[in-house]
Novice: 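Questions regarding the structure given below will be posed in turn.
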Amino acid sequence: MELSAKEVANILGGIVEGDEHIKLNTLAKIEEGGTGTLSFLANPKYEPFLYTTQASAVIVNKSLKLNKEVSTTLIRVDDAYASFTLLLEKFANGNQQLNGIEKTAVVAESSVLGANVYVGAHAYIASKTKIGNNSKIHPQVYIGENVSIGENCVLFPGVKVYHGCQIGNNCIIHSGTIIGSDGFGFAPLADGTYKKIPQTGIVTINDNVEIGSNCTIDRATLGSTTINKGVKIDNLVQIAHNVEIGENTVIAAQSGVAGSTKIGKNCVLGGQVGIAGHLVIADFSQFGAQTGVASSIKESNKKWNGTPYMEMRDNLKSQTIFRKLPDIFKRLEALEKLLSNK
Amino acid sequence: MELSAKEVANILGGIVEGDEHIKLNTLAKIEEGGTGTLSFLANPKYEPFLYTTQASAVIVNKSLKLNKEVSTTLIRVDDAYASFTLLLEKFANGNQQLNGIEKTAVVAESSVLGANVYVGAHAYIASKTKIGNNSKIHPQVYIGENVSIGENCVLFPGVKVYHGCQIGNNCIIHSGTIIGSDGFGFAPLADGTYKKIPQTGIVTINDNVEIGSNCTIDRATLGSTTINKGVKIDNLVQIAHNVEIGENTVIAAQSGVAGSTKIGKNCVLGGQVGIAGHLVIADFSQFGAQTGVASSIKESNKKWNGTPYMEMRDNLKSQTIFRKLPDIFKRLEALEKLLSNK
Amino acid sequence: MELSAKEVANILGGIVEGDEHIKLNTLAKIEEGGTGTLSFLANPKYEPFLYTTQASAVIVNKSLKLNKEVSTTLIRVDDAYASFTLLLEKFANGNQQLNGIEKTAVVAESSVLGANVYVGAHAYIASKTKIGNNSKIHPQVYIGENVSIGENCVLFPGVKVYHGCQIGNNCIIHSGTIIGSDGFGFAPLADGTYKKIPQTGIVTINDNVEIGSNCTIDRATLGSTTINKGVKIDNLVQIAHNVEIGENTVIAAQSGVAGSTKIGKNCVLGGQVGIAGHLVIADFSQFGAQTGVASSIKESNKKWNGTPYMEMRDNLKSQTIFRKLPDIFKRLEALEKLLSNK
């Protein structure tokens, strides 16, 4: 996408000071901008960069008073930060005008595609699948039988959705993520081998969910693994069979939730957190990175950390003493010696 | 798959009480069933649900005596649990009747495919590859040169198998898993850069192995990385070059085994376990979630936990004291003060 | 690749003792070799294997004196180890003579491909992409709009590169790795839901970088996530948005680096390490496996370990005392009792 400073000003209801024909094709931080980039100044702390920036244009507040001459073009608006955010969204969506079915995509006759659906090359859409209006299925995606995908979804290249899974509206799933692979269920036999327990359930993903790249979300043994609306999941996250993740819960990269655990709403999991199976985690729980959770949490709205997991402030106190353990041990031995000599 | 209650009863050698024409298309837990679902009652604890369930039909033992009227259709059998398991397998395998080579699949002329092999669209099968009878290669799978795959295997969409790797019979590999990428081997040079050490070995996967989605199993530098028969691996697991995993060992999600380590048979690794390189781990070892193993284990059949890893019961005791460290430190200081005042 | 002992000797400038016509098609360790394999003996410790090996031929130093008769063919060279390494590279590159665009690959007209470029079947190359001379794009790879890839790169099957990303020369990216998926950025709203912050930056990967399989490297919010030259990354590694990894840094499997962190040059991260966001890590820092780093590190060239992370030797000391905590607690209680009785 390329716009002139004048065109940007028109979108934002702003005024150009400088070269209104200058071409802008990238957004950048004011300290990193170069030719063709458009930046913004909202925080006064960054004002010194305004006089040295290489950005072709900078969005500033109408109220800003210059202390020196500037060489960049200014676009003055009522709220520089809000205006820049608006442009971010415009630029980000610039390449989403994808439509139609590309050659070599395989789309089963019995599938039902809504209006303005895109199906990229080398995508595979099996029978009895439904895809809602405006959803974009990128190249090399696989969608199994009887899958249902809502409106305005984006499945990036290489996503795989196994048969029977249900995805709501406005969901974004990034490349390499696998929805609906078999849960990890095996029955031990007397001879030491294991027998597979069939995984006949599905995965249900509700509206407004975003899932990062290379995640794995397993289908339920029976019933459904469920990701409730508004959940945001980062990359390389594992969600096991029959798990339920509550509304608006956020899960950072490389965390894992074991089978049949139910996490409440509006929780936050840091990176590399592990939550054991068959637990219930209260709403609004927060977990520091690498926390290992081995039992259910009944009180909502608390912060947890560490392995063994503890309330965060207590864990940090124990960590502080852990660092002193060699010293503590010496002091204990000194006391013992002192007393044995008495 | 859709069956009538009568058809299900015929499969199970059972008797219908109620509507023998009612249509059943999904399996569910008795407390979660709805229209069209078939459930079962084996554990007497769940009997109250029998009188309130929304399931269209429920499999029960012939010996069951009803305490109230039921609105659902009953299918009476000798062993309700065994019958339900049988149906689980029937339903799970329902969509595995895939056969033939789909259009757009690329299959090298020099490859040899057995009877009833399926090759999905956009799959790629390079030269000199052998695929045994009844194996199913789903869409978008890649199989490199000289790969050998046994009978009755399933490679789900998007699996990649690099050249030369060997896979036995009855193996299941889930979507996004990579078999045979290069081991992580680099020689440090004097100028601080690294030189790649060529990885010319292979991966060998023996019979009856199941591997979850988005795992990575690296090829050996020389020789073979080996997964022995009956091993079950969950999602997002890392197996480094030249590792050997013993028969019937089970590895939960997000665990990793570093290079050249040899894990014994019938071991169990919980989630997010890390095992360092060049170790030997005794048979029947068990590791709690997030355990970090930094040295070899010679005694078999023990349970380990924590970082540093310890025998599980000892680690749990140390964890209990860890929680009290701030209190312990205060008590130590109090003793010191007391003694210095004497 | 198959060579006779004579042909191998010619490549290495060596002399054959034994059957110069014997066929060699695999490289192996001397203790593992079988028919058709070529091995080497450099470390005198392994000399006993020379007299029992099943390898068809063994590369040895010219200076080696035999203590017994050997049944294998010898190829005598000046430096057996260096010669074997040379062959390893020859064998490893044997199947890299891929060229041209395979049928069913989709290559946009506006893309520019250099000489000797390979584009495998079912690969997708979007518009305005540049690919340098001798780069090999394997089957099922996706390359988005405006991506630039340098010379002599290898992208293995199934790699996905989102729009706008930049990859230098001599880079290797293994299967399933995702370059340029959206950073994990969401603004919390008053009602508990989250609003996506558009991620309009890119990923820049400089020369001589190798990245393992199923990694995720997110695009920047603004500007670029940057992997500097010579970096080596193992499998299943997460690099978040706006991270910078310094030259020649090595990152082992399943480690993760959170957003906006800047890691110095020539660092080494063990497996499953987690580094929090917005930190700066000094050059030449080394981290043991599973280390959790929660604050910036200013001193370069130190070794760190544990959670909380500490200098490695101190952490190992604290770990030793951690194992004794139950005993320490008893001894503390004994002292308290003793003193309260006085």
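Protein chains get the first letters and strands the later ones, always in sequence-line order, with residue 1 at the start of each.
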Novice: Checking A:Lys160 against chain B: side chain, backbone, both or neither under 4.5 Å from a heavy atom?
Specialist: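 Side chain of A:Lys160 only, per the 4.5 Å heavy-atom cut-off to chain B.
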
Novice: Checking B:His122 side chain against A:Thr104 main chain: does a donor-acceptor pair fall under 3.5 Å?
Specialist: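 Flag set: sc B:His122 to bb A:Thr104 pair under 3.5 Å.
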
Novice: Are B:Phe329 and A:Lys317 close enough, and set up right, to give a side chain to side chain contact (heavy atoms under 4.5 Å, CB included), and what steps lead you there?
Specialist: CA-CA 11 Å; B:Phe329 187 55; A:Lys317 282 178 198 164; over 6 Å; no

Novice: Which atoms of B:Ile328 are under 4.5 Å from chain A, going by heavy atoms: the side chain, the backbone, both sets, or neither?
Specialist: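 The answer is neither part of B:Ile328.
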
Novice: Against chain A, label B:Ala289 side chain, backbone, both or neither, depending on which of its atoms sit under 4.5 Å from a heavy atom there.
Specialist: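 Contact with chain A: none, neither part.
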
Novice: Output the distance between atom CG (B:Leu27) and atom OG1 (A:Thr221), rounded to the nearest 0.5 Å.
Specialist: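 Output value for this atom pair is 11.5 Å.
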
Novice: How close do A:Asn242 and B:Lys29 get, heavy atom to heavy atom, and via which atoms?
Specialist: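 The answer is ND2-NZ, 4.3 Å.
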
Novice: Any idea which of B:Asn235, B:Leu332, B:Val250 has the most non-hydrogen atom pairs under 4.5 angstrom with chain A?
Specialist: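 The answer is B:Asn235.
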
Novice: Heavy-atom distances under 4.5 Å only: say whether B:Glu32 touches chain A with side chain, backbone, both or neither.
Specialist: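 The side chain, not the backbone.
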
Novice: If we define contacts as heavy-atom pairs under 4.5 Å, which of A:Gly158, A:Gly183, A:Gly223, A:Gly292 has the most with chain B?
Specialist: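 Top option by heavy-atom pairs under 4.5 Å: A:Gly292.
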
Novice: Which atoms of B:Ile251 are under 4.5 Å from chain A, going by heavy atoms: the side chain, the backbone, both sets, or neither?
Specialist: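 Backbone only.
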
Novice: A:Pro308 and B:Arg323: which non-hydrogen atoms are nearest, and at how many Å?
Specialist: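 Looking at all heavy atoms of both residues, the shortest contact is CB-NH2, 3.2 Å.
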
Novice: Please report the C-alpha distance between A:Leu335 and B:Leu339 in whole Å, then the side-chain angles of each, then the deciding distance to 0.1 Å, and finally whether the side chain to side chain contact (heavy atoms under 4.5 Å, CB included) criterion is met.
Specialist: CA-CA 8 Å; A:Leu335 288 185; B:Leu339 283 165; 3.3 Å; yes

Novice: Heavy-atom pairs under 4.5 Å with chain A are the metric here; pick the option from B:Ala253, B:Gly230, B:Pro139, B:Gly33 that has the most.
Specialist: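 Looking at each option in turn, the highest pair count goes to B:Pro139.
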
Novice: B:Gln140 side chain to A:Val141 main-chain N or O, any donor-acceptor pair under 3.5 Å?
Specialist: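 Indeed, once roles are kept as given, a pair shorter than 3.5 Å links the two residues.
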
Novice: Do A:Thr200 and B:Leu87 have side-chain heavy atoms sitting under 4.5 Å apart?
Specialist: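 They are not in side-chain contact.
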
Novice: Could you tell me which portion of A:Val273 (side chain, backbone, both or neither) has an atom closer than 4.5 angstrom to a non-hydrogen atom of chain B?
Specialist: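 Only the backbone of A:Val273 comes within 4.5 Å of chain B.
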
Novice: Given A:Tyr194 and B:Glu210, is the side-chain hydrogen bond (donor to acceptor under 3.5 Å, both in side chains) satisfied, shown in steps?
Specialist: CA-CA 10 Å; A:Tyr194 290 87; B:Glu210 180 159 349; over 6 Å; no

Novice: Looking at A:Ala240, A:Gly192, A:Ser224, A:Gly306, which makes the most heavy-atom pairs under 4.5 Å with chain B?
Specialist: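 Top option by heavy-atom pairs under 4.5 Å: A:Gly192.
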
Novice: Yes or no on side chain to side chain contact (heavy atoms under 4.5 Å, CB included) for A:Leu325 and B:Leu325, after CA distance, side-chain angles and deciding distance?
Specialist: CA-CA 9 Å; A:Leu325 280 181; B:Leu325 280 182; 4.0 Å; yes

Novice: Distance check, rounded to the nearest 0.5 Å: A:Asn315 atom CG versus B:Phe322 atom CZ?
Specialist: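 The distance works out to 5.5 Å.
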
Novice: Considering all heavy atoms of both residues, which atom of B:Gln290 and which atom of A:Thr291 are nearest to each other, and what is their separation?
Specialist: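 Smallest interatomic distance, heavy atoms only, reads NE2-O, 3.6 Å.
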
Novice: For A:Leu222 versus B:Leu88, what's the shortest heavy-atom pair and its separation?
Specialist: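 Minimum heavy-atom contact is CD2-CD2, 3.9 Å.
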
Novice: In terms of heavy-atom proximity below 4.5 Å to chain B, should A:Phe186 be classed as side chain, backbone, both, or neither?
Specialist: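 Side chain only.
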
Novice: What closest approach, in Å, do B:Ile172 and A:Lys196 show between heavy atoms, and which atom pair accounts for it?
Specialist: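 Scanning both residues, the minimum pair turns out to be CD1-CD, 4.0 Å.
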
Novice: Does any backbone or side-chain atom of B:Asp234 lie under 4.5 Å from a heavy atom of chain A? Answer side chain, backbone, both or neither.
Specialist: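 The answer is both parts of B:Asp234.
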
Novice: With a 4.5 angstrom heavy-atom cut-off, is it the side chain or the backbone of A:Ser255 that approaches chain B, or both, or neither?
Specialist: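 The backbone, not the side chain.
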
Novice: For A:Val237, is it the side chain, the backbone, both, or neither that has a heavy atom closer than 4.5 Å to a heavy atom of chain B?
Specialist: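 The answer is the backbone of A:Val237.
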
Novice: Verify side-chain hydrogen bond (donor to acceptor under 3.5 Å, both in side chains) between A:Tyr162 and B:His174, making sure each step is shown before the conclusion.
Specialist: CA-CA 10 Å; A:Tyr162 281 49; B:His174 282 280; 2.8 Å; yes

Novice: Quick one: of B:Val231, B:Ile233, B:Asp327, who has the most non-hydrogen atom pairs under 4.5 Å with chain A?
Specialist: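 Ranked by heavy-atom pairs under 4.5 Å with chain A, first place is B:Ile233.
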
Novice: Check this for me: B:Lys265, atom NZ, are more than 12 non-hydrogen atoms of other residues, nucleotides or ligands nearer than 6.0 Å?
Specialist: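 Open.
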
Novice: Are any of the side-chain heavy atoms of B:Gln272 and A:Gln254 separated by less than 4.5 Å?
Specialist: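 In short, these two side chains do not touch, never coming nearer than 4.5 Å.
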
Novice: Contact part of A:Ala123 toward chain B, heavy-atom cut-off under 4.5 Å: side chain, backbone, both or neither?
Specialist: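 Interface part for A:Ala123: backbone (N, CA, C, O).
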
Novice: Flag the one option from A:Gly277, A:Ala126, A:Ser181, A:Gly144 with the top tally of heavy-atom pairs under 4.5 Å to chain B.
Specialist: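 Looking at each of A:Gly277, A:Ala126, A:Ser181, A:Gly144 in turn, A:Ser181 comes out on top.
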
Novice: Within a reach of under 6.0 Å around CD of B:Glu102, are more than 12 heavy atoms found that belong to other residues, nucleotides or ligands?
Specialist: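 Enclosed.
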
Novice: Rounded to the nearest 0.5 Å, how far apart are CD1 of A:Ile178 and CZ of B:Phe156?
Specialist: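 A:Ile178 atom CD1 to B:Phe156 atom CZ measures 11.5 Å (nearest 0.5 Å).
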
Novice: Closest heavy-atom contact between B:Asn214 and A:Gly176?
Specialist: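 Minimum heavy-atom contact is ND2-O, 3.0 Å.
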
Novice: Measuring only between side-chain heavy atoms, which start at C-beta, is B:His138 closer than 4.5 Å to A:Tyr124?
Specialist: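 No - every pair of side-chain heavy atoms lies 4.5 Å or more apart.
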
